[in-house]
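Report on the structure given below.
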Amino acid sequence: MKEKTSLKKRIVKIGGILLAVIILGFMGKEFIQNWQDIRPYLENVKIGVLGIAIGLYAIAFLATGYNWAYLLWRMDNRIGRREYLHIHMVSALARYIPGGIWNIVGKAYMCTEKGVEKSATTASMILEYVFQILSSGLFLLFFLPVLMQELFTPILTWVFLFIVILIIMLLPWMVRIGIRILGNVFHEDLSNMQMKNQYVYQILAQYVGVWLFTGFGLIILVRAFEKINGIQGLYLMLSYPISWVAGFLSPSPNGMGVREGVLQLLLGESYSYELLLLITLTTRIWTILGEGVAFVGFEGYYRLQRKRKRE
């Protein structure tokens, strides 16, 4: 049974890598073929605006880490939220190490070294995934009218609004179902975990707020290359969380290729093809640079605070 499971994992992993290579290869080919039309955007890029966009993503990345730190701190407060945020920042960079599990392993190891309960650490990572997936999935509700605007009649609009309200009311139940599913994946019994509805909505609001801020940073990134109108900016803000969750749920490493492909699909009607290629291929670079800035900035702050504490 273990051999079959291991073989299945290897097949999924290889399939994910092939999927990423195919999508990125196609986009790279299109980028090269349209280089003459893309080059003017790069030649006229506003470096200052680009720097602001990277800084905004760095803040969003820190806020995402704080959300996880807050979740774990509420379950085990033997160390402070700053220490938990440090663990998140260090382990998050391990996503780029081949294997795809070092982010999880890093968090578990560092928390254990700090004396944090293993069950609390596992539960916090499960909660993080549940809230990230549900909060990003909520943006799909608001993007559906855009995708299906030609089919929406007044009656269907009211039906859609009713469904949206119903989903929002059922969010605490969905969170509990997600916890149960991921608990089984992690082989962790979380049946005794109790969360009030008010707490669920609070955490979801925090994650939605981070997605909105990330979308704003993406708008600034695109503004570094070209002016865009309000509708185009709204599409960017709504589509990025959807593309993220698609990449997260895909078998490709770190969502590589899938995230870019979904983003290109969602924005296809809003931008010129050349600018769209530039957006999808620079977004990944934008996030990597933003994470690097966040890590360097926070590590400097963290070490300074520890030095002052020792003194």
Side-chain angles (χ1 to χ4, degrees), residues 20-21 23-64 89 92-93 95-96 136 139 143 146 209-244 246-247 252-300:
V21 170
I23 296 176
L24 291 177
F26 172 78
M27 295 176 66
K29 177 184 175 183
E30 292 294 301
F31 188 90
I32 293 172
Q33 290 180 346
N34 292 273
W35 170 247
Q36 293 303 322
D37 295 318
I38 294 173
R39 187 171 63 178
Y41 292 114
L42 295 173
E43 290 176 346
N44 298 316
V45 63
K46 302 177 183 65
I47 300 299
V49 178
L50 187 62
I52 293 173
I54 294 171
L56 290 174
Y57 187 82
I59 296 172
F61 185 65
L62 282 168
T64 300
M89 297 300 292
L93 295 183
R95 296 197 317 273
Y96 299 103
S136 56
F139 285 81
F143 207 88
V146 176
V210 173
W211 284 125
L212 290 173
F213 191 83
T214 304
F216 176 68
L218 183 55
I219 291 172
I220 302 302
L221 173 67
V222 178
R223 285 294 302 270
F225 300 108
E226 177 74 331
K227 291 182 179 180
I228 57 175
N229 57 44
I231 295 298
Q232 289 175 316
L234 179 63
Y235 285 8
L236 279 173
M237 191 170 286
L238 292 175
S239 61
Y240 185 79
I242 302 171
S243 67
W244 179 89
S252 67
N254 204 19
M256 193 75 70
V258 175
R259 186 191 303 174
E260 289 79 8
V262 172
L263 188 62
Q264 184 173 359
L265 179 65
L266 294 175
L267 297 176
E269 300 295 326
S270 307
Y271 294 87
S272 66
Y273 188 62
E274 297 78 18
L275 181 57
L276 185 59
L277 282 171
L278 183 61
I279 292 172
T280 52
L281 291 175
T282 55
T283 298
R284 178 74 62 168
I285 300 173
W286 168 63
T287 58
I288 292 173
L289 290 175
E291 289 177 8
V293 169
F295 177 78
V296 172
F298 180 78
E299 277 300 298

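Keep in mind that what you see is a predicted model, and the values were worked out from it rather than measured.
- In this structure, OH on Tyr240 lies 13.0 Å from CD1 on Ile279, to the nearest 0.5 angstrom.
- Judged as a ring pair (Phe, Tyr, Trp, His ring centres under 6.0 Å), the pairs with a partner in residues 274-293 (not counting sequence neighbours) are, in order, Tyr57-Trp286.
- For the atom pair CG (Leu212) and CG (Leu238), the distance works out to 8.5 Å, reported to the nearest 0.5 Å.
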With side-chain contact (heavy atoms from CB on, under 4.5 Å) as the test, would you mind laying out the steps for Leu221 and Leu236 before giving the verdict?
CA-CA 11 Å; Leu221 173 67; Leu236 279 173; over 6 Å; no
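- Interatomic distance, Leu234 CG to Ile219 CD1, rounded to the nearest 0.5 Å: 8.0 Å.
- Atoms CZ and CG, from Phe225 and Leu275 in turn, are 8.5 Å apart once rounded to the nearest 0.5 Å.
- Considering every non-hydrogen atom in both Ala63 and Val210, the closest pair reads CB-CG2, 3.7 Å.
- Scored by the side-chain contact (heavy atoms from CB on, under 4.5 Å) test, Met89 finds Phe61, Leu62, Leu85, Ala294, Phe295, Phe298 as partners (sequence neighbours excluded).
- Listed by chain and residue number, Ser243, Ala246, Val258, Leu266 satisfy the side-chain contact (heavy atoms from CB on, under 4.5 Å) test with Val262 (two or more places apart in sequence, or in another chain).
- When every heavy atom of Tyr271 is checked against every heavy atom of Gln232, the shortest pair comes out as OH-O, 2.9 Å.
- Minimum interatomic distance between Pro241 and Ser136 (heavy atoms only, all atoms of both residues): O-CB, 3.4 Å.
- Taking a 6.0 Å sphere around CZ of Phe213, one finds it holds more than 12 heavy atoms contributed by other residues, nucleotides or ligands.
- Atom OG1 of residue Thr282 and atom CG of residue Leu289 lie 10.5 Å apart, to the nearest 0.5 angstrom.
- Residue Tyr235 holds its OH atom at 15.5 Å from CG of Leu218, rounded to the nearest 0.5 Å.
- Screening residues 212-230 for salt bridge (charged side-chain N to carboxylate O under 4.0 Å, His left out) gives no qualifying pairs among residues at least two apart or on separate chains.
- In this structure Gln33 satisfies the side chain to side chain donor-acceptor pair (under 3.5 Å) test with no other residue, sequence neighbours excluded.
- Remark: Asn34 pairs with Glu30, Asp37, Ile38, Tyr273, Glu274, Leu277 by the side-chain contact (heavy atoms from CB on, under 4.5 Å) rule, at least two apart or across chains.
- Qualifying side-chain contact (heavy atoms from CB on, under 4.5 Å) partners for Ile52, counting only residues two or more places apart in sequence or in other chains: Leu56, Ile220.
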Side-chain polar contacts of residues 42-49 - donor-acceptor pairs under 3.5 angstrom, sequence neighbours left out - could you list them?
{"unit_1": "Asn44", "atom_1": "ND2", "unit_2": "Pro40", "atom_2": "O", "d": "2.9"}

